[in-house]
Amino acid sequence: MHSNAESTDLQWQFNTDGGNVSRPLLEQETDAETGRIRRLHALLAAELDDALARAQGTLNTATGEELSARWERDVAVHRWWERANALRAARSGLCFGRLDHARGADRPSDTDGAGDAPAATSYIGRIGLTDPSDGESALLDWRAPGARPFYCATPVTPLGVTRRRHFEIAGTAPDERVVAFHDDVLDRSALSGTDSGSASDPALLAALKAPRGSTMRDIVTTIQAEQDAIIRLPLQGTVVIEGGPGTGKTAVALHRVAYLLYTHREQLARRGVLVVGPSAGFVHYVGGVLPALGESAVVFTTPGRLAHGVVATAVDPPEPARVKGDLAMVDVLRRAVADRQELPDEPVAIALDDVTVEIDRATAEEARSRARATGRPHNAARATFRDTLGALLVDQGLEQLGHSLEDPPEIAELLAGLGDLPEIEPAGASEVTDEMRGSLRDNLRAEPAFHAAVARLWPVLTPEQALADLFASPERLATAGAGTDVAGLYRADSREWTVADAPLLDELAELLGPPPSSSRSADEPDDRYATDVLAILDSADRDLAGEDPDEARPTDFVTADVLAGRHVAGLSGTVAERAAADRDWRYGHLVVDEAQELSAMDWHVLLRRCPSRSITAVGDLAQRSAPAGADSWAQVLGPHLDTRWTHRTLTVNYRTPAEIMAPAAEVLASFAPDHRPPESVRETGEHPWERTVPTADLTAALRTAVEDELARLGDGTLAVIAPGGRLGDGALDGLDGPPVQVHSPMSAKGLEFDTVVIVDPDRIRAGHPADLYVSMTRATQRLGTLRLRRP
């Protein structure tokens, strides 16, 4: 954990004279620490009861009909419930460490890192607690500035700490107990005459050797110094965290979210955080980490869900995936939408009661120009096209009616022979013209042929319909391509969406806008609600006037119309629930895992969801296998951020033992020699095994191998990684022991298992060399390979 710290053995501590204490004294110390943790649990229980009582009491408070009072009450209830949920989440493993401070050092507080009253010790845990008897901090939140020495202090830079203690906890809350502890003595004067022990961290090694479960665990007890430095980076700006397999990129990103929500609670809790992972399995695996840390204002998604309401899992062949992921598709889609705003090849005649009008190319082009000039999305601009076209046709009809009311030639000649006569204005001529215009307009509005023509020339479109029509038509693809080779995107069955289609659908949703709906009256309750809430947000904006002027405000992205459209009377939900249900939601922070797999189009639509550009992206370019993925970070981020992003690197492999990492490093060198593999922090003595079997015997050999590994496994996890994630029918049916997961290299990304069996590595490598590298580095304990001997 702290590679520069001098450490004792797990079961022992140093006293001030440097000698090992006796077993009775050790047990006495352990009992004392257990008593302290039990008192912390009592404080938590009391605060939890108080938070629940305050939430319920506030909820039952009468507020009258004033909206601002109801809104303030709901905010208060939400905050108390949020605190109660955080306290519940912190009960398991409540306190995991202790800091002993140098004489005269100030005691760190839970908020600013330093208090007025000096104290000998600080206890570190999952949440901050205050002792009501003296108002002092009883437990320091791991995210607080004062807790940083627990992760960063070394003998060279002790940060005012003489000793750091890690607890090994057993039992369940509230009856947790300390069964052992491990000390890092950071004051060198206390080390004389002692066995300095190992530089390794028993707490970290114990965590690394523990069996893996079906979900990721948090790492608050074992965060490393290089990880902590990244976790505590400022909210503003974009940071790319790069690291090889097992370096803890995902854990760092998730704990960074928890840290940011702690330090910027008011700002982020109302806007939420969006976390994008490579697959649904990955989201399930990591989805429990943040709730376990008491954070709920987080939405998880995958690239296949970037289009609202679409869940895509199918994968395109390499070339179509590359084309769809290119940023040039933004212009392709824009031209595809413009192509649906058509002009008639032949005039369209519309017979009205007294006249027949025609929609010719000139008339339709004039209406289209005026509609496009509005700059509104396709579906919204359709109303301008329809109304302009209708007005032009009414003028055309009036002109025709005017000609039909002119005097016949013989009457005109007779009048001409009478010489100059005074002009007589017909009584009510303007009224007659207005009446005729209104009659024509009503007649046109009621004429189905007019609406049919509008529907053909400027149809209402959904993103799904527009993209399906585009892919199903070589002609439309050729027009939209305009020099970009998109002919390979043609497919007859265009409604089966792929992961690469999701950002295209989202971009079309932006270009098209929602289908038209009936407009609301300004007197409707939703609009009154929206207007009142917006006034409250404006007030909040004024309160923030002294903060960063570049910081986004609620009213930067929210209007009364938007609020009215989102609000449903009587319904509410958490920030995460409301954000997930709203395509137009703008998040306060964005996290992208396995970021090297995302295409330029993926980034294009994601950055629209985070206008503040507060982003944490984690990945490893050496593990990229997606055809449209990143060859470099500048390639995918440059078009949006130029050089305004920071790069950080993680170098230590905590997952993969050295025995497995050695052959994996050889694979890496074969396709990415410029990438250096991370250094493994441990050895297990378990070397990978490899067997070559005839293709016909694969099913039997795989079953035997899996049965052997299950017998050795115990409580851990086992995965079989095969090309495409497919095995023979019934290959693993009826096996005793824990369930065996079957994955493709892609679906295994970001996951880890105690034991991994790789099937047909040559075929995996032929698909992409990075896929084999990824597959080999999923194992934390044992790795086996079944190679095929083909005829």
Side-chain angles (χ1 to χ4, degrees), residues 1-4 93 96 142-143 147-148 150-152 166 200-213 215-233 239-260 275-278 282-283 285-290 292-293 295 591-596 616-623 646-658 660-661 664-665 675-682 684 717 748-754 773-774 776-781:
M1 177 175 177
H2 314 279
S3 58
N4 295 322
F96 49 79
W142 68 274
R143 295 163 289 193
R148 191 167 190 181
F150 188 77
Y151 303 109
C152 299
H166 309 265
S200 63
D201 181 352
L204 173 63
L205 294 179
L208 296 178
K209 293 176 181 178
R212 268 34 180 192
T215 57
M216 176 182 276
R217 297 166 297 192
D218 66 66
I219 60 167
V220 291
T221 64
T222 58
I223 293 171
Q224 305 303 288
E226 69 170 0
Q227 297 172 331
D228 185 78
I230 295 172
I231 288 171
R232 296 175 190 267
L233 286 172
V239 58
V240 176
I241 306 169
E242 186 162 17
T247 52
K249 302 183 295 295
T250 298
V252 168
L254 295 175
H255 287 71
R256 175 162 162 73
V257 171
Y259 170 75
L260 292 176
V275 178
V276 183
F282 173 86
V283 169
Y285 181 64
V286 306
V289 172
L290 288 170
L293 296 174
E295 304 298 349
V591 175
V592 182
D593 207 330
E594 300 294 341
Q596 76 280 351
T616 302
V618 297
D620 179 13
L621 293 174
Q623 296 186 62
T646 302
H647 186 265
R648 293 287 185 270
T649 303
L650 295 171
T651 59
V652 180
N653 188 336
Y654 303 103
R655 175 204 301 145
T656 316
I660 296 176
M661 199 62 215
H675 286 269
R676 183 178 178 180
E679 183 178 352
S680 295
V681 77
R682 65 192 174 100
T684 63
T717 55
K749 281 193 173 181
L751 307 182
E752 61 182 12
F753 311 93
D754 293 277
Y773 179 57
V774 169
M776 296 177 71
T777 54
R778 300 306 95 195
T780 67
Q781 303 295 337

Does any non-hydrogen side-chain atom of [Y] lie less than 4.5 Å from one of [X]?
{"X": "Val591", "Y": "Val257", "value": "yes"}
{"X": "Thr777", "Y": "Ile660", "value": "no"}
{"X": "Arg648", "Y": "Thr646", "value": "yes"}
{"X": "Ile219", "Y": "Thr222", "value": "yes"}
{"X": "Tyr654", "Y": "Gln224", "value": "yes"}
{"X": "Ile241", "Y": "Leu650", "value": "yes"}

For [X] against [Y], the heavy-atom pair lying closest together:
{"X": "Ala147", "Y": "Arg232", "answer": "C-NH2, 4.3 Å"}
{"X": "Val618", "Y": "Lys249", "answer": "CG1-O, 3.8 Å"}
{"X": "Met661", "Y": "Pro677", "answer": "CE-CB, 3.8 Å"}
{"X": "Ala779", "Y": "Asp754", "answer": "CB-O, 4.3 Å"}
{"X": "Pro678", "Y": "Tyr773", "answer": "CD-OH, 4.1 Å"}
{"X": "Asp620", "Y": "Gly243", "answer": "CB-O, 3.2 Å"}

Any chance you could lay out the salt bridge (charged side-chain N to carboxylate O under 4.0 Å, His left out) test for Arg148 and Asp228, step after step, and finish with the verdict? CA-CA 8 Å; Arg148 191 167 190 181; Asp228 185 78; 3.1 Å; yes
Would the distance check show the side chain of Lys749 and the main-chain N or O of Gln623 forming a donor-acceptor pair, the cut-off being under 3.5 Å? yes
Backbone N/O of Thr656 and side chain of Ser680: donor-acceptor pair under 3.5 Å: yes
Could you measure the distance from the [atom1] atom of [X] to the [atom2] atom of [Y]? Nearest 0.5 Å is fine.
{"X": "Ile231", "Y": "Arg256", "atom1": "CD1", "atom2": "CZ", "value": "9.5 Å"}
{"X": "Thr250", "Y": "Phe282", "atom1": "OG1", "atom2": "CZ", "value": "4.0 Å"}
{"X": "Glu226", "Y": "Tyr151", "atom1": "CD", "atom2": "OH", "value": "15.5 Å"}
{"X": "Tyr285", "Y": "Thr717", "atom1": "OH", "atom2": "OG1", "value": "7.0 Å"}
{"X": "His675", "Y": "Leu621", "atom1": "NE2", "atom2": "CG", "value": "5.5 Å"}
{"X": "Leu254", "Y": "Met216", "atom1": "CG", "atom2": "CE", "value": "6.5 Å"}

Could you tell me whether Glu752 and Arg655 make a salt bridge, using a distance below 4.0 angstrom between a side-chain N and a carboxylate O? yes
Hey, what's the ring geometry for Phe150 with His166, parallel, tilted or perpendicular (30° and 60° as the breaks)? tilted
Residue pair Thr221, Trp142: steps toward the side-chain contact (heavy atoms from CB on, under 4.5 Å) verdict: CA-CA 9 Å; Thr221 64; Trp142 68 274; over 6 Å; no
Please identify each residue that fulfils side-chain hydrogen bond (donor to acceptor under 3.5 Å, both in side chains) with Gln227, with sequence neighbours left out. none
Do Asn653 and Thr247 have side-chain atoms, one donor and one acceptor, less than 3.5 Å apart? no
Sequence neighbours excluded, which residues qualify as salt bridge (Lys or Arg N to Asp or Glu O under 4.0 Å) partners of Arg143? Asp141, Glu295
